[in-house]
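Take a look at the structure set out below.
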Amino acid sequence: MGMKSDLKLIKNGKRLDGRKPDELRPITIKAGVLDNANGSAYLEWGGNKVIAGVYGPRECLPRHRSSPYKAYLTYRYNMAPFSVDDRKRPGPDRRSTEISKISAEALERVIEVEKFPNTMINVFVEVLQADAGTRCAALTAAAVAAADAGLPMRDLIVSCAAGKIDDTVVLDLGKKEDNFGQADVPIAILPHSEEIVLLQMDGDLTKEEFKEAIDMSVKAAKQIYELQKKALTERFKKGGGKE
Amino acid sequence: MGMKSDLKLIKNGKRLDGRKPDELRPITIKAGVLDNANGSAYLEWGGNKVIAGVYGPRECLPRHRSSPYKAYLTYRYNMAPFSVDDRKRPGPDRRSTEISKISAEALERVIEVEKFPNTMINVFVEVLQADAGTRCAALTAAAVAAADAGLPMRDLIVSCAAGKIDDTVVLDLGKKEDNFGQADVPIAILPHSEEIVLLQMDGDLTKEEFKEAIDMSVKAAKQIYELQKKALTERFKKGGGKE
Amino acid sequence: MGMKSDLKLIKNGKRLDGRKPDELRPITIKAGVLDNANGSAYLEWGGNKVIAGVYGPRECLPRHRSSPYKAYLTYRYNMAPFSVDDRKRPGPDRRSTEISKISAEALERVIEVEKFPNTMINVFVEVLQADAGTRCAALTAAAVAAADAGLPMRDLIVSCAAGKIDDTVVLDLGKKEDNFGQADVPIAILPHSEEIVLLQMDGDLTKEEFKEAIDMSVKAAKQIYELQKKALTERFKKGGGKE
Amino acid sequence: MTVEDISWEIKTDYTRHLAKKKMREDKRKPFEYRKIELENGYIPNALGSTRVRLGKTEVIAGVSLVMGTPYPDKLNAGTLMTSVELTPIASPMFESGPPRPNAVEYARVVDRGIRESGTLDFEKLCVTEGEEVWMVILDLHVLDYNGNLFDAFALAAISALLNTKMPKYEDGKVIREETKGKLSVQKKPVECTFFKIGDMLMLDPSLGEDKALDARLTVATVGDRICAMQKGGNGSFTMKEIDELVDMSFKKSKELTKLL
Amino acid sequence: MTVEDISWEIKTDYTRHLAKKKMREDKRKPFEYRKIELENGYIPNALGSTRVRLGKTEVIAGVSLVMGTPYPDKLNAGTLMTSVELTPIASPMFESGPPRPNAVEYARVVDRGIRESGTLDFEKLCVTEGEEVWMVILDLHVLDYNGNLFDAFALAAISALLNTKMPKYEDGKVIREETKGKLSVQKKPVECTFFKIGDMLMLDPSLGEDKALDARLTVATVGDRICAMQKGGNGSFTMKEIDELVDMSFKKSKELTKLL
Amino acid sequence: MTVEDISWEIKTDYTRHLAKKKMREDKRKPFEYRKIELENGYIPNALGSTRVRLGKTEVIAGVSLVMGTPYPDKLNAGTLMTSVELTPIASPMFESGPPRPNAVEYARVVDRGIRESGTLDFEKLCVTEGEEVWMVILDLHVLDYNGNLFDAFALAAISALLNTKMPKYEDGKVIREETKGKLSVQKKPVECTFFKIGDMLMLDPSLGEDKALDARLTVATVGDRICAMQKGGNGSFTMKEIDELVDMSFKKSKELTKLL
């Protein structure tokens with residue numbers, strides 16, 4: 001986590017952007033935004049802009065990756081070079097490799113990959129603009145894109161982070177809170193069963209603070225889930241095809 | 001194109017190397033210069049020295065590149081590290097990747113690839129010494145090498161450039177003319193049908209200047225075509241094998 | 001070979017570490033040290049620590065490497081990043097590529113690869129700590145690991161180096177002798193037939209000095225061979241499995 | 001041959017069949033562009049950015065300005081780098097990995113259009129001769145590939161450059177938060193991509209036309225001058241056809257310039 | 001499907017079958033570690049090194065100290081780089097080549113445990129602000145892979161750091177031969193890796209359990225604080241399970257800390 | 001097995017069959033070189049260059065001189081880098097891509113012959129101790145591969161070095177157009193490559209012999225000294241055979257030296 005700093009991140013119970021500790025940044029989601037992908041979603045979350053596209057089930061390449069038991073699921077989290085202040089070099093780095101790996105594992109819990117043996121399903125998420133919390137925004141969008149692709153799913157996935165700033169547990173860290181905060185705990189849950197399918201943590205937390213952070217995220221996840229459903233409902237009303 | 005400069009490139013109607021505006025640099029071509037390649041050609045063009053070798057039709061590797069309709073044609077334009085003043089790092093760069101792509105597309109127009117389904121034909125051109133106009137020299141040599149390999153062809157290919165220096169349209173830019181000139185237009189044509197199979201341009205030209213440049217190159221192409229034919233005739237007289 | 005230096009490497013007939021010219025550094029070998037590898041050996045030689053592991057015969061990947069006449073044998077000499085004073089970047093460099101190539105050729109002389117067509121045998125040697133003479137230590141360990149794997153072999157391989165320091169031919173150069181010496185001649189021989197299966201030399205030697213160096217190494221090889229046999233005998237007494 | 005290959009074969013036959021009858025699948029006229037939408041400042045984090053939709057093709061251009069050292073042969077000039085990522089989200093034909101020849105060609109043709117037209121005054125981008133110069137990095141990203149990336153990229157590129165803010169540079173540090181005016185852009189080059197199927201010449205290939213075309217010609221113009229050209233495809237053009245397309249490019253470029 | 005795949009399928013079925021009956025192949029209790037052995041200073045050439053055996057898993061950590069330049073946003077701080085090589089000698093599942101996602105995940109989780117716990121005082125590693133700082137490079141090497149590399153690597157890493165000698169730095173030169181004291185290490189973080197098969201929660205997966213597990217949770221703690229966590233695997237945990245494992249991690253971390 | 005593999009199998013059998021009868025396909029005597037032709041200055045752009053034809057094998061060596069920084073352990077010495085490109089034009093066996101083990105071996109053996117013989121006075125190549133030194137870059141390029149690249153490369157390399165012009169260096173700039181004298185070359189090392197098929201020892205393998213050989217020995221000598229050696233191939237030599245070949249290398253090296 002963050003650098004040491006004298007910056008006060010909470011004043012009079014309000015955060016730098018005026019949010020309360022357990023308040024999310026504004027989120028908007030739209031399903032069905034791409035023409036080529038079988039399913040897609042665009043999501044804005046604070047200053048984050050991400051777009052997710054899902055291809056498949058389709059022929060598995062390379063062949064030796066195919067399984068007679070399930071679809072081979074890949075997940076590619078990619079930051080556009082212009083998404084951050086200091087230009088990011090194109091292509092995967094260690095951070096995005098790790099995020100892609102754990103996000104694929106989370107998605108595999110809900111997409112019914114066992115229904116499509118010998119195929120592959122590819123999930124691509126492009127981070128167009130980054131503003132802290134991109135991995136959560138990406139996975140939340142990916143779940144909507146997978147549903148938009150009509151893939152059979154056990155549940156959706158909602159991802160969200162809580163953390164600690166100025167010794168206070170808060171929801172959904174913004175960019176400065178991320179840079180100068182004390183801890184960050186991104187999670188992903190299935191909204192119905194409350195199963196946790198992704199969990200990372202870094203920083204410094206007591207057991208109690210950790211529990212508080214998780215509880216806060218789980219509560220927020222319900223709100224986000226409503227937005228996911230709304231996006232899909234609007235999409236199905238309107239019918240297929242990119243508008 | 002070029003850097004700004006006070007250098008006068010034309011004086012009294014003559015260019016730095018004494019050529020007239022529509023005059024080619026000296027060109028010599030020799031076919032059948034390599035032992036391993038199925039066809040080959042060596043070409044000197046001003047200070048350029050290039051050697052082209054053609055392999056195939058042969059087994060297509062990797063297999064997934066093979067087509068049931070035609071041979072898979074590859075073209076590799078490669079500059080030797082010592083071919084330029086400042087040593088070039090070995091291996092393809094973006095410039096050579098682009099040249100290879102458009103040259104392959106040009107060659108595919110004349111080599112009757114549809115006669116060799118499921119195979120590949122590989123054209124390699126090594127630029128041993130570079131002196132402006134290497135892509136044209138390379139493709140002109142490659143066409144002779146393909147004919148030397150006995151591949152069925154619809155026509156030969158001749159490649160040549162015209163450009164603009166000191167506000168005058170001239171043929172076949174030399175190194176300094178390339179560095180300090182105003183425009184360059186490399187083309188490749190089929191000498192019989194005058195079809196244009198490669199065309200690039202960069203710099204600054206009016207429509208009229210562009211037309212003049214093309215006309216100049218097309219005329220020059222006829223001259224170069226005679227040299228190609230001569231090289232092949234000498235080769236066939238002498239019979240196969242590297243001398 | 002070495003840098004110029006005023007350092008005296010031999011004083012009163014003794015070398016910097018007190019050895020006589022034809023004296024080896026201490027060597028210990030242990031077979032069967034890894035659980036996953038089919039055969040393995042750990043070897044200390046002066047300050048060198050190397051570990052060798054052998055896998056196979058197993059399914060040949062990539063497939064196009066397989067031969068209907070013999071097993072495809074690979075050898076990977078790898079220095080751990082922490083094995084040398086200045087951290088080595090992970091992955092193969094030109095030096096290790098060359099060592100791997102000539103060591104594979106040497107091993108192929110003794111492992112009866114023709115008994116396992118269409119398979120592959122992979123030999124991996126990790127240099128954990130380097131102290132001059134690692135290629136010899138690695139190949140000596142690899143031969144023991146191959147025997148430990150139960151592969152049919154024509155003979156063992158012993159590798160050892162001799163060189164020249166202060167105008168004197170000496171056995172088994174140490175680190176300073178390697179840095180400031182005049183020549184180094186690593187060889188590998190089959191202990192029974194005395195066939196030479198690996199030979200490199202760099203530095204400055206007369207024909208007579210070269211012969212003396214080879215003779216010295218061949219003699220030393222017999223000593224090392226006894227240690228190899230001892231390691232294997234102890235291993236077979238104790239039975240399979242990593243202790 | 002995969003199922004997908006066969007499906008493309010059928011589509012291609014159909015596209016070529018239509019072209020013979022001087023028709024296009026989407027009913028467009030030969031030299032008609034699909035609907036074009038530009039959205040400038042789409043990526044607020046970037047100093048300059050534009051999203052372009054050309055029919056169902058969708059691309060984003062982003063501009064970065066980085067302090068660097070000049071090339072040894074142009075010590076008093078800034079530099080331009082153009083990079084294209086054909087991200088696999090945009091098409092089942094794109095794969096992850098290092099840039100392929102296609103991506104390199106797109107990047108180089110767009111780069112040439114900007115560079116050769118004198119759009120950027122590279123000498124103005126020099127801060128200290130021989131030591132510090134601005135490097136303009138132009139990143140072109142595709143989200144949905146439905147044909148004619150050349151024109152979509154070129155339009156996004158020039159539009160993003162036109163709305164690029166110059167960051168402050170003080171005491172050896174780039175201060176992105178404070179900007180002082182805009183990047184100086186002197187020209188507005190645009191690119192028009194034509195193609196030929198059989199004998200028919202057309203503009204702005206759709207995805208199916210991109211796959212079915214015999215030959216392709218991109219012409220970059222600025223005002224009444226040509227600044228870059230690129231022919232592609234396994235087919236050929238006659239000199240007369242090229243003349244016709246150059247004429248047409250001056251006409252169509254006016255339409256595009258109006259959007260900037 | 002190769003013969004090896006089928007053989008793993010059978011083993012995995014058996015491991016899962018045992019787990020249902022609350023049993024483990026090697027008879028361990030659910031939250032019992034395999035035998036752990038540490039050997040510090042195993043690589044005398046390295047400034048710090050430790051070999052760890054965790055059952056039949058065997059890894060080595062080596063520490064290098066290199067003079068470098070600081071990151072632009074932390075001019076007064078040294079840096080840490082953690083690198084994992086899954087050398088093919090260690091398992092038939094590992095291949096030569098660039099690091100794969102697995103290796104990256106191991107490296108990043110170990111790195112976070114050390115970084116986030118405040119184990120290294122990065123400001124002390126600054127020699128000249130903005131110019132010269134020590135770069136701590138932690139190389140993790142595996143010789144025999146038999147499950148649970150997270151905990152083996154993390155233990156080797158902290159132990160190697162604890163026994164790392166500081167080289168002298170004089171007149172712009174690092175003098176490895178002369179050391180002056182040890183690297184300042186302020187904390188002793190350890191990592192405990194738990195996993196779940198069906199409903200059963202266990203600690204320290206063996207090779208077979210690594211392949212059969214539904215979900216995995218690594219918890220890095222130092223004293224009574226959590227400093228890093230990582231969930232893996234295609235399965236899930238309930239909130240209650242995670243609470244239980246966090247509690248357990250404080251208990252088991254004491255066992256590990258004793259070994260340092 | 002491809003058709004090509006089978007064809008090579010037949011040729012190899014025949015080559016080996018001939019060797020048993022002490023014969024070679026091209027009628028050469030065992031220790032006879034093929035015809036050797038050198039053409040110095042073949043690449044006028046390069047500071048030094050030589051084309052060598054050894055029978056139907058054809059290679060080019062080019063020398064570049066670049067200003068660089070010395071190695072930290074040899075602050076007062078220039079450097080040498082030798083690079084081999086096995087371009088696919090030269091043989092159906094070569095592929096495009098990064099250098100393969102073969103190419104690395106050729107480069108390193110040629111490099112050792114030059115480096116170890118004291119051919120270059122590296123201290124003379126130092127311009128400012130610890131800061132500026134000349135880097136000699138030796139690029140070896142093959143156009144036609146018909147066996148024995150070791151000797152062809154080594155001959156091209158030393159010959160190119162012998163005719164390398166030193167560029168002027170003034171005010172921190174290399175001025176290639178103006179040269180001042182030649183690169184100082186103090187020795188003329190040459191390499192002789194022998195090989196063994198069955199019991200027969202021979203010199204200068206043709207393409208077929210390169211593929212059929214059991215063992216290979218390259219000996220680099222200068223005057224009456226050996227400066228580098230390299231054994232290759234899956235076969236072996238006896239000590240007696242090596243003695244014989246070392247003797248022979250002194251004899252044959254005289255022939256080669258005469259060509260320089």
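Note that these values count all heavy atoms, side chains included, but never hydrogens, waters or copies made by symmetry. Per chain, numbering begins at 1; letters A, B, ... match sequence-line order.
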Test log, rule salt bridge (charged side-chain N to carboxylate O under 4.0 Å, His left out), inputs D:K251 and D:E255:
CA-CA 7 Å; D:K251 226 180 272 179; D:E255 286 181 29; over 6 Å; no
Audit row: D:K187, D:E116, salt bridge (charged side-chain N to carboxylate O under 4.0 Å, His left out) steps and yes/no
CA-CA 10 Å; D:K187 299 275 173 66; D:E116 300 297 337; over 6 Å; no
Residues B:Y77, B:L139; criterion side chain to side chain contact (heavy atoms under 4.5 Å, CB included); working and verdict
CA-CA 9 Å; B:Y77 165 97; B:L139 187 52; over 6 Å; no
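Against chain D, the residues from residues 96-112 of chain B that qualify, each with a non-hydrogen atom under 4.5 angstrom away, are B:T97, B:E98, B:K101, B:I102, B:E105, B:E108, B:R109 in number order. At a heavy-atom separation below 4.5 angstrom, chain D is approached by B:K211, B:I214, B:D215, B:V218 within residues 211-219 of chain B.
When D:D247, D:V222, D:L217 are compared by the number of non-hydrogen pairs under 4.5 Å with chain B, D:D247 comes out ahead. Counting heavy-atom pairs closer than 4.5 Å to chain B, the top-ranked of the candidates D:R108, D:E241, D:R112 is D:R108. Of the listed residues D:P72, D:C227, D:A107, the one with more heavy-atom pairs under 4.5 angstrom with chain B than any other is D:C227. The most heavy-atom pairs under 4.5 Å with chain B, out of D:M239, D:E105, D:K231, come from D:K231. When each of D:V219, D:I242, D:V246 is scored by its heavy-atom pairs under 4.5 Å with chain B, the top score falls to D:I242. The greatest number of non-hydrogen atom pairs below 4.5 Å with chain D, out of B:I196, B:I187, B:D86, is found for B:I196.
When heavy atoms are compared at a cutoff of 4.5 Å, D:R225 approaches chain B by way of both its backbone and its side chain. Contact of D:F250 with chain B is made through the side chain alone, with heavy-atom distances under 4.5 Å. Contact annotation for D:N102: both backbone and side-chain heavy atoms come within less than 4.5 Å of a heavy atom of chain B. With a 4.5 angstrom heavy-atom cutoff, D:D224 touches chain B only via backbone atoms.
Side-chain polar atoms of B:Q200 and B:R135 form a donor-acceptor pair below 3.5 angstrom. Between the side chains of D:T218 and D:T193, at least one donor N or O lies within less than 3.5 Å of an accepting N or O. Between the side chains of B:N122 and B:T74, at least one donor N or O sits under 3.5 Å from an acceptor N or O.
Separating the NE2 atom in B:H64 from the OH atom in B:Y72 is a distance of 7.5 Å, to the nearest 0.5 Å. In this structure, CG on D:L125 lies 8.5 Å from OG1 on D:T79, to the nearest 0.5 angstrom.
Between B:K222 and B:E194 there is a salt bridge, since at least one side-chain N of the basic residue sits less than 4.0 Å from a carboxylate O of the acidic one. A salt bridge does not link B:E195 to B:R154: none of the charged nitrogens lies less than 4.0 Å from a carboxylate oxygen. Looking at B:R76 and B:E126, a side-chain N of the basic residue comes within less than 4.0 Å of a carboxylate O on the acidic one, giving a salt bridge. The existence of a salt bridge linking B:K164 and B:D204 is confirmed by a sub-4.0 Å separation between a basic side-chain nitrogen and an acidic carboxylate oxygen.
For D:D13, the CG atom sits in a packed shell: over 12 heavy atoms of surrounding residues, nucleotides or ligands are nearer than 6.0 Å.
Looking at D:D111, D:L149, D:I60, D:T82 one by one, the single match for side chain to side chain contact (heavy atoms under 4.5 Å, CB included) with D:L140 turns out to be D:T82.
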